[in-house]
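Presented below is the structure to which this report refers.
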Amino acid sequence: MLEKLAPEQLVKKQAVESAPSLPPLEGAIMGQVVTRFPPEPNGYPHIGHAKAAIIDEEYARMYNGKLILRFDDTNPLKEKLEYYDAIREGLDWLGVKPDIVKNTSDDISLIQEYGRKLVELGGAYVCTCSQQTMHDLRAKGLPCECRKDQSEALSRLEKLFNGSYKQNEAIIRFKGDMADQNTAMRDPTLFRIIEGDHPKLGSKIRVWPTYDFAAPIEDSLDGVTHAMRTKEYELRNALYFAILDRLGLRKPMMIEFSRLEFEGIPVSKRKIKPLIENGLIKSWDDPRLPTLSAFRRRGFVPEAIRKFVISLGITLAETKPPFEALEAYNRKVIDPVSMRLFFVKDPVELHVEGARAMEVVLKNHPTDAALGSRKIQVSDRFYISSDDTNLNVGDEIRLIELYNVKITKIERKDGKVLSVSAMPSGSEIQQSMPKIQWVAKEDIFDLQVLTPKQLYIGEEYNTNSLEVVKGVTESFMSGLKHGTVVQFVRFGFCRIDSDGTAIFTHR
RNA sequence: GCUCCGGUGGUGUAGUCCGGUUAAGCAUUUCGCCCUCUCAAGGCGGAGAUCACGGGUUCAAAUCCCGUCCGGAGCACCA
């Protein structure tokens, strides 16, 4: 146990010095902070979840407290078992380690008891009005008959729980103030009847609490000291505290922060589902998506995501942070540990007349010898990128780690360079000479690089959101495991996704 | 429409509660130089904000007050 804790704390201390950190938590007592991350298992975890989970965890750790992962699964119509798993996997990858894992559905009976109690106390009532009536009444700020006449409240409560009402026939409403300026207080729903199979409880439960009721009860009972949520819930704070007040339950401190989303990379299922249904996107880990699995596939590392999230702070301002900032954090983490390889985009043959066949040894990393080296057999034929063929006869270029060549002939067709011929022109490194990467003709490995771009431009799907770059790299690539992140010299960082395919991470 | 919350350099933030300690710190972006057989990383330096706008209080305001404008959110038997 000690061995486990000690190294972690050491790492933490170092990180605090170099990385940005979160501001102190109001009212936090060392050793007694309890935070909670409460996702609904109704989809795959994305960058927005990551922000919340990381902040929750950072504060728990900062005060040597506890983090609870609580699946807020109070709507059997939406939850799915696979999402519970997906969320846990996502958090696992992120390195977020909850101290306690539970489901709100574990406590349904308890929550129901509190619901009954609230009705008995007169703080809530069973309402049989239609949604439409209530919608109108709320708009006008007027109470309905169910609220006015409470003589039947208790018998209705019994009917609700013994199955006498069908779905949509009755609900429990909080007795707020139908004329409150905060519309969330106009008698919101606390329980409703849902006929459906819940992934954890089956069809056992019919009367389900809403989030508005379950969240404060759970937070309070779980001992949460600091409850954090995104700012769209702000107006529900009054409700949250009113519920706890009437039930005489302890009140956590509530803190809001803005949602995290990137420009052109929407997080909402509303925007992503149609693309999947249309086949525009094949899976939830498509590199264009903001899901955690997509970030992983792209070559982003948890450490970078964490630093980035912390740098955002817990501000209330609604902004779309620059993706470049995330990339910068990621680059700094992966640069020191990524092998350098040559990748030639859109290859053009280079014939170095008279060059002798030989073996060259290339370092896998410019400064870290631990990453080793590789041997390549070269002859007089190479591939270079068409991007580097904007040349004239007589120009001198350097093939990195090899030698210099002087261009002797350029074959073009329709302005496009078909092949280049050159002759060796020395081996001394000159800073003024363009230095380009190359691949030996006998050493090629075909590779396509998937390059994700913004998914949406404004409200429109970006039809060029996934660019496919074709080229060749070294055969050395065949020995690397899927998932390895490499840097292609003068091209950028890429993660090997599958045989013959890599995904562009960033420059 | 009503209510609530935001508005600091291109971008994201610190500072705003408890007005003055650098008329604004950090990161990113961008430019230059150094380093370097990468257009990466690292080092150094530069550019870039009269703190949305208009009033007011004060010896003194990004920080307090009032108003205006702009942006976002909520007004579900979703979370």
Side-chain angles (χ1 to χ4, degrees), chain A residues 19-20 23 26 38-43 72-75 77-79 104 127-131 134-135 138-139 141 167-173 180-186 188-194 207-212 214-215 229-239 256 258-260 263 307-308 310-329 331-338 340-342 362-363 365-368 387-388 398-404 427-431 433-437 487-493 506-507:
Chain A
E26 197 185 327
E40 181 184 19
N42 68 342
D72 243 328
D73 52 353
T74 56
N75 187 341
L77 267 21
K78 292 193 170 184
E79 339 300 20
T104 299
C127 178
T128 56
C129 299
S130 73
Q131 283 186 57
M134 281 312 286
H135 179 82
R138 298 181 98 203
Q167 193 164 310
N168 295 322
E169 284 185 352
I171 60 171
I172 295 180
R173 282 186 186 286
D180 199 310
Q181 291 202 315
N182 178 354
T183 47
M185 292 302 284
R186 323 248 257 229
T189 303
L190 265 25
F191 285 87
R192 75 288 209 209
I193 299 168
I194 297 177
V207 183
W208 287 91
T210 58
Y211 164 86
D212 280 332
R229 42 167 35 166
T230 44
K231 66 174 287 195
E232 67 266 27
Y233 292 108
E234 260 183 318
L235 295 197
R236 319 195 83 77
N237 286 173
L239 211 210
E256 289 87 25
S258 59
R259 295 183 67 120
L260 169 56
E263 183 66 42
K307 283 182 178 167
F308 170 74
I310 291 170
S311 79
L312 261 26
I314 51 170
T315 169
L316 256 7
E318 62 280 332
T319 46
K320 305 222 173 180
F323 202 79
E324 290 89 0
L326 208 208
E327 293 183 339
Y329 280 112
R331 193 177 293 120
K332 282 165 192 164
V333 177
I334 66 177
D335 183 277
V337 296
S338 300
R340 269 47 175 182
L341 292 178
F342 291 159
L362 302 187
K363 284 188 291 185
H365 189 91
T367 54
D368 188 357
D387 288 352
D388 293 323
R398 178 171 181 83
L399 302 180
I400 296 177
E401 299 276 6
L402 199 56
Y403 46 58
N404 307 332
S427 58
E428 65 290 353
I429 299 162
Q430 289 170 31
Q431 56 167 85
M433 209 180 280
K435 285 174 277 204
I436 67 168
Q437 77 279 17
Q487 188 205 44
F488 289 127
V489 172
R490 299 206 312 136
F491 182 80
F493 292 91
H506 47 62
R507 289 187 50 214

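Below, chains carry the letters A, B, ... as their sequence lines are ordered, and counting in each starts from 1. Atoms considered below: every heavy atom in the structure, side chains included; atoms not considered: hydrogens, waters and symmetry mates.
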Heavy atoms only, 4.0 Å cut-off, all strands: where does [X] land among base, sugar-phosphate and nothing?
| X | result |
| --- | --- |
| A:Glu401 | base |
| A:Arg236 | base |
| A:Pro366 | base |
| A:Ala184 | nothing |
| A:Phe491 | nothing |
| A:Ser338 | nothing |
| A:Arg331 | sugar-phosphate |
| A:Gln487 | base |
| A:Thr210 | sugar-phosphate |
| A:Asn75 | sugar-phosphate |
| A:Ile171 | base |

[N] OP1/OP2 closer than 4.0 Å to side-chain N/O of [X]:
| X | N | answer |
| --- | --- | --- |
| A:Lys435 | B:rU38 | yes |
| A:Thr74 | B:rA79 | yes |
| A:Arg186 | B:rC75 | no |
| A:Gln131 | B:rC77 | yes |
| A:His135 | B:rA76 | yes |

Contacts of A:Arg236 that satisfy salt bridge (charged side-chain N to carboxylate O under 4.0 Å, His left out) - sequence neighbours left out: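 Result, salt bridge (charged side-chain N to carboxylate O under 4.0 Å, His left out) vs A:Arg236: A:Asp212.
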Residues forming a salt bridge (charged side-chain N to carboxylate O under 4.0 Å, His left out) with A:Glu232, sequence neighbours excluded: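 Only A:Arg259 meet the salt bridge (charged side-chain N to carboxylate O under 4.0 Å, His left out) criterion with A:Glu232.
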Between [options], spot the one nearest the side chain of [X], thanks.
| X | options | value |
| --- | --- | --- |
| A:Arg340 | B:rU38, B:rA79, B:rA76 | B:rU38 |
| A:Leu316 | B:rG74, B:rC78, B:rC5 | B:rC5 |
| A:Thr319 | B:rU11, B:rU28, B:rU13 | B:rU13 |
| A:Leu312 | B:rU28, B:rG12, B:rU13 | B:rG12 |
| A:Pro322 | B:rG12, B:rA41, B:rG6 | B:rG12 |
| A:Arg507 | B:rC5, B:rA41, B:rA40 | B:rA40 |
| A:Arg173 | B:rC78, B:rU28, B:rC77 | B:rC77 |
| A:Glu324 | B:rU38, B:rU28, B:rG12 | B:rU28 |
| A:Ala328 | B:rU28, B:rA76, B:rU38 | B:rU28 |
| A:Thr183 | B:rC75, B:rC5, B:rC37 | B:rC75 |

Given RNA chain B, 5'-ward residue of the pair A:Lys231 and A:His365, judged by closest heavy atom: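 Looking at RNA chain B, the more 5' nearest nucleotide goes with A:Lys231.
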If I pick the [atom1] atom on [M] and the same atom on [N], what distance separates them, to the nearest angstrom?
| N | M | atom1 | value |
| --- | --- | --- | --- |
| B:rU8 | B:rG74 | C1' | 27 Å |
| B:rG67 | B:rC77 | C1' | 42 Å |
| B:rU36 | B:rG43 | P | 16 Å |
| B:rU38 | B:rC33 | P | 16 Å |
| B:rC78 | B:rA41 | P | 49 Å |
| B:rG42 | B:rA49 | C1' | 29 Å |
| B:rA61 | B:rC53 | P | 15 Å |
| B:rG6 | B:rC65 | P | 12 Å |

Polar side-chain contact [X]-[N] base: donor and acceptor under 3.5 Å:
| X | N | result |
| --- | --- | --- |
| A:Arg138 | B:rC75 | no |
| A:Glu318 | B:rG71 | yes |
| A:Tyr329 | B:rA27 | no |

Distance-minimising heavy-atom pair for A:Glu428 and A:Asn404: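 Distance-wise, the nearest heavy atoms are O-ND2, 2.8 Å.
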Any side-chain heavy-atom pair from [X] and [Y] closer than 4.5 angstrom?
| X | Y | result |
| --- | --- | --- |
| A:Phe493 | A:Asp335 | yes |
| A:Leu239 | A:Pro188 | yes |
| A:His506 | A:Leu326 | no |
| A:Glu40 | A:Thr74 | no |
| A:Pro321 | A:Leu260 | yes |
| A:Ile429 | A:Arg398 | yes |
| A:Thr189 | A:Ile172 | no |
| A:Arg229 | A:Asn237 | yes |

RNA chain B stem ranges, 3 or more consecutive Watson-Crick or G-U pairs under 3.5 angstrom: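 Stem list for RNA chain B: B:1-7 with B:69-75, B:10-13 with B:25-28, B:29-34 with B:42-47, B:52-56 with B:64-68.
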Rounded distance (Å) that lies between atom P of B:rG74 and atom CE of A:Met185: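 Rounded to whole Å, this separation is 18 Å.
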